[in-house]
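Comments concern the structure below.
The model shown is predicted, which means the values in this text are computed figures rather than measured ones. Numbering of ligands and ligand atoms starts at 1, following listing order.
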Amino acid sequence: MAQDRGLQRLDKLIAAQTSLSRRQVHQLLSRGQVTVNGQAVRRFDAKADPDTDQVALSGQPLALKRYSYLMLHKPQGVVCATQDRALPTVLDLVPEPLRRSGLFPAGRLDKDTTGFVLITNDGEFAHRILSPRSHVPKVYTAWLDKPADGQVVQAFAAGMQIGADRCLPARLELVEPGGRVARVTLREGMYHQIKRMFGAFGIGVQALHREQIGGLKLDPALPAGKCRELDREELEKILRE
Ligand code: URA
């Protein structure tokens, strides 16, 4: 998604996007088994442009990509971090063929929140979807222990004060007539924001699920705990509402 073009170290690129270690890549390089646009490359510090150069290993073309964008259906009990001493992280759920260096979750869901997490190694794209200035909406379903009513809807829409934090206006739709299932649309992501917003009215959030980021919904065919790559069209949808 990021538009910058440029060269990157070939050994790093190959190691990050295959199951080979950097040392194994060096062995292939010294044996002349790595080609760039059909030419054998032997130098360990050789560079290539993952967007335009054709790289092959022992004659097998590699589809190198600078950036990766994954949709994860986060289950409960997993933390949105790159590492944790005690608990599994969202990165532990990325299967081997999709693993590469530099991946991180673009935004945090609480440990008990489920739903759509975007995992990428593109810091600029992550910033675009996370910055409140970009106004990319994130849509959640919240299951409440008490009904919310029109007063809560209005307070969310006006922009609430929660502790020291001032929230941007948020949209609250009562999905069930009883007011105990609600759809919340935020354009920012403060710590425990939705729980704190409902908490200001004495309403507890029993479960929270992120349905959508920008114009892209969590794929209903993606089971909890699984992730898959996003295509260009889906990425563009994230930035469109
Ligand atoms: N708001 C919360 O309270 N928790 C989340 O995980 C996301 C938004």
Validation row: Phe104, Thr89 side chains within 4.5 angstrom (heavy atoms): no
Salt-bridge present ([X], [Y]; N to O < 4.0 Å):
| X | Y | result |
| --- | --- | --- |
| Glu234 | Arg228 | yes |
| Asp112 | Lys195 | yes |
| Glu233 | Arg240 | no |

Cluster overlap Leu130 with Tyr140, hydrophobic side-chain contacts below 4.5 Å: no
Nearest non-hydrogen partners of Met190 and Arg166, listed with the distance: CE-O, 3.7 Å
Pocket residues of ligand 1, ordered first by chain and then by residue number (heavy-atom cut-off under 4.0 Å): Leu109, Asp110, Thr113, Tyr140, His192, Gln193, Ile194, Lys195, Leu208
